[in-house]
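Data block below; observations after.
Note that the structure is a prediction, hence the values are computed from the model and not measured.
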Amino acid sequence: MNTASRPPLTVRMHPADNVAIVANDGGLPAGTVLPEGVPGAGLTLRDHVPQGHKLALVDLPAGSAVRRYDVTIGTTNRDLPAGAWVHERLLDLPAARELQGLPMATRAAARGEPLSGHTFQGYRNADGSVGTRNLLAITTTVQCVAGVVEHAVRRIREELLPRYPNVDGVVGLEHGYGCGVAIDAPDAVIPIRTLRHISQNPNFGGEVLVVSLGCEKLQPQRLLPPGSFAIESAAADGGPDTVCLQDAAHVGFASMIDDIVARAVPHLERLNARRRETIPASALVVGVQCGGSDAFSGVTANPAVGFAADLLVRAGATVMFSENTEVRDAVEQLTARAATPAVAEAIVRELDWYDRYLARGQADRAANTTPGNKAGGLSNIVEKAMGSIVKSGSAPIDHVLSPGEKLGPDQRGLVFAATPASDFICGTLQLAAGMNLHVFTTGRGTPYGLAECPVIKVATRSDLARRWHDLMDLNAGAIADGEASIEETGWALFRQMLAVASGQPTWAERHRLHNALVLFNPAPVT
């Protein structure tokens with residue numbers, strides 16, 4: 001449909017809501033009369049209301065509760081007549097929900113009928129995990145070696161990979177950690193176990209080559225102690241294959257690069273011998289996340305992802321949702337959906353830890369909502385949280401992971417992996433948890449990508465999908481356009497996940513979009 005000719009369209013999420021959002025590209029001008037069949041029919045807009053922003057469906061005197069998703073997202077700080085634009089400057093943020101007196105495992109969510117017969121073509125690993133990609137990982141113990149590893153990765157990609165057609169790529173696991181840190185501080189366990197568990201990600205097939213400087217605080221034996229991998233080198237200490245740049249054998253920069261390239265060969269040979277095979281969908285470990293969110297995130301893309309998440313759980317797969325500050329204001333929904341009281345208590349434990357972490361830094365929870373979020377119609381963190389949480393679907397929450405922890409072999413179903421909301425910190429921690437496929441929704445747009453794992457990008461709006469046609473893998477904006485349902489889009493995403501897990505490249509992979517790992521490090525530096 002020609003968007004310019006589309007009649008005024010508004011969206012209300014719940015019958016009890018007293019606001020609706022404008023769905024039209026470019027918004028609606030003041031004086032627009034809303035037609036029959038849409039929320040607010042007969043109202044005349046008092047202001048220009050941008051796309052994704054809210055309009056008052058009734059008169060809202062100062063101090064009125066503004067409800068969206070049948071949740072109070074704020075109170076008005078002045079009188080707002082019906083048809084007025086309702087934005088962040090007109091709302092006062094409600095207080096955060098206390099972490100006491102919450103409903104604990106009180107809502108027995110239905111798991112749905114088992115979904116069988118769905119498979120993908122993946123790689124079986126010796127530890128029982130399954131990869132969706134066949135990658136050589138070069139782990140680094142310290143940020144000082146990043147430049148050398150970058151050169152080595154380039155040479156391996158250009159000189160060696162053409163000889164190994166069954167290897168999908170080579171990844172340098174670069175980061176900003178390893179030295180100048182309080183390595184024995186209590187919270188140092190988080191970045192250390194994050195790096196260890198990323199090195200064990202299923203997409204690396206149990207193969208890893210380590211590059212160390214030599215003098216760093218995070219020594220290779222501490223990062224990857226013996227027994228960390230099903231495939232070990234013949235090193236005297238039983239640990240993984242390690243290149244130490246400060247070894248006397250290295251004479252100059254070129255010899256360092258030559259050594260790394262030569263040591264990559266046996267790893268590539270073993271990876272190249274692997275073949276994709278038919279594997280049940282239950283082996284998928286899918287991380288879901290949103291970034292560059294707008295008001296449509298909770299209307300189109302995230303509900304579709306939530307529907308697909310329920311399909312995955314019914315198929316026996318694992319789905320991880322995260323982003324502490326983006327679920328904190330929905331805490332009672334999470335604890336009520338917990339499969340057991342112990343799971344509910346673990347949710348409270350993780351969110352309480354993060355509350356105290358933010359308090360130490362004197363951070364305001366309201367700071368989560370970015371200028372771009374607000375420009376896209378999200379007034380505050382409460383509204384953002386309600387749209388974010390729907391990515392998790394409706395299944396019971398079966399497990400909780402602390403930052404940097406790895407899924408156990410029996411931990412399947414819906415998992416809350418506690419992470420900060422920052423896109424790349426969240427993605428990094430989900431990789432550590434064992435994610436082999438990533439789904440990322442965006443309304444404002446972001447060129448997010450992970451070299452370690454395929455990322456399916458879902459646009460919340462058709463305008464974004466058209467403009468960023470070679471960055472978005474799926475357009476959920478068709479839901480708001482009235483051209484597809486949440487269920488149809490969720491099924492399309494489910495089928496796309498199986499195709500991508502079988503090797504179909506995403507746009508992020510085609511463009512090699514990748515940012516370095518960003519570790520969550522609450523420990524002090526020295």
Backbone of [Y] reached by a side-chain donor or acceptor of [X] within 3.5 Å:
{"X": "His250", "Y": "Cys244", "answer": "yes"}
{"X": "Asn436", "Y": "Thr132", "answer": "no"}
{"X": "Lys217", "Y": "Val181", "answer": "yes"}
{"X": "Arg275", "Y": "Asn272", "answer": "yes"}
{"X": "Glu326", "Y": "Glu323", "answer": "no"}
{"X": "Thr419", "Y": "Leu429", "answer": "no"}
{"X": "Asp329", "Y": "Met386", "answer": "no"}
{"X": "Glu216", "Y": "Tyr177", "answer": "no"}
{"X": "Asn134", "Y": "Arg274", "answer": "no"}
{"X": "Ser402", "Y": "Glu405", "answer": "no"}

Just wondering, do [Y] and [X] contact through their side chains at under 4.5 Å, heavy atoms?
{"X": "Met435", "Y": "Val286", "value": "no"}
{"X": "Val285", "Y": "Met320", "value": "yes"}
{"X": "Gln289", "Y": "Asp423", "value": "yes"}
{"X": "Asn324", "Y": "Glu350", "value": "no"}
{"X": "Ile279", "Y": "Glu277", "value": "yes"}
{"X": "Arg412", "Y": "Ser282", "value": "yes"}
{"X": "Arg263", "Y": "Asp241", "value": "yes"}
{"X": "Leu209", "Y": "Thr139", "value": "no"}

Donor + acceptor pair across side chains of [X], [Y] (<3.5 Å):
{"X": "Ser462", "Y": "Asn475", "answer": "yes"}
{"X": "Ser129", "Y": "Asn125", "answer": "yes"}
{"X": "Gln143", "Y": "His175", "answer": "no"}
{"X": "Gln430", "Y": "Ser322", "answer": "yes"}
{"X": "Asp258", "Y": "Ser255", "answer": "no"}
{"X": "Thr325", "Y": "Asn368", "answer": "yes"}

Criterion side-chain contact (heavy atoms from CB on, under 4.5 Å) on Thr442 and Cys290, from CA distance to verdict: CA-CA 6 Å; Thr442 184; Cys290 51; over 6 Å; no
May I ask you to say whether [X] pairs ionically with [Y], meaning some side-chain N is under 4.0 Å from a carboxylate O?
{"X": "Arg154", "Y": "Glu150", "result": "yes"}
{"X": "Arg270", "Y": "Glu207", "result": "yes"}
{"X": "Arg133", "Y": "Glu452", "result": "no"}
{"X": "Arg461", "Y": "Asp481", "result": "no"}

Interatomic distance, [X] atom [atom1] to [Y] atom [atom2] [nearest 0.5 angstrom]:
{"X": "Leu173", "Y": "Ile138", "atom1": "CG", "atom2": "CD1", "value": "8.5 Å"}
{"X": "Asp247", "Y": "Leu213", "atom1": "CG", "atom2": "CG", "value": "10.5 Å"}
{"X": "Met472", "Y": "Arg467", "atom1": "CE", "atom2": "CZ", "value": "9.5 Å"}
{"X": "Gln496", "Y": "Gln504", "atom1": "CD", "atom2": "CD", "value": "6.0 Å"}
{"X": "Ile397", "Y": "Ser392", "atom1": "CD1", "atom2": "OG", "value": "6.0 Å"}
{"X": "Asn203", "Y": "Leu431", "atom1": "CG", "atom2": "CG", "value": "8.5 Å"}

Aromatic ring pairing His151/Phe253, orientation class (parallel under 30°, perpendicular over 60°, tilted between): perpendicular
Parallel, tilted or perpendicular, as decided by the 30° and 60° cut-offs, for the rings of Phe416 and Phe321: tilted
Minimum-distance pair of heavy atoms, taken over all atoms of Pro341 and Ala105: N-CB, 3.6 Å
Atom of Thr242, atom of Pro220 and distance for their closest heavy-atom approach: CG2-CG, 4.1 Å
Pair His399-Thr318, side-chain contact (heavy atoms from CB on, under 4.5 Å): steps then yes or no: CA-CA 10 Å; His399 305 285; Thr318 301; over 6 Å; no
Audit row: Leu271, Leu136, side-chain contact (heavy atoms from CB on, under 4.5 Å) steps and yes/no: CA-CA 8 Å; Leu271 288 169; Leu136 171 63; 3.8 Å; yes
Could you pull out every donor-acceptor pair under 3.5 Å between side chains of residues 302-313 and any protein atom, sequence neighbours left out?
unit_1	atom_1	unit_2	atom_2	d
Asn302	OD1	Thr441	OG1	2.8
Asn302	ND2	Ser297	O	3.4
Asn302	ND2	Gly387	O	3.0
Asp310	OD1	Ser394	N	2.9
Asp310	OD1	Ala395	N	3.3
Asp310	OD2	Ser394	N	3.3
Asp310	OD2	Ser394	OG	2.7

Trace of the salt bridge (charged side-chain N to carboxylate O under 4.0 Å, His left out) decision for Arg337 with Asp398: CA-CA 9 Å; Arg337 277 174 63 197; Asp398 294 302; over 6 Å; no
Verdict with reasoning, Val500 to Val455, per side-chain contact (heavy atoms from CB on, under 4.5 Å): CA-CA 9 Å; Val500 169; Val455 179; over 6 Å; no
Within the 6.0 Å centroid threshold, strictly below: Phe520 and Tyr357: yes
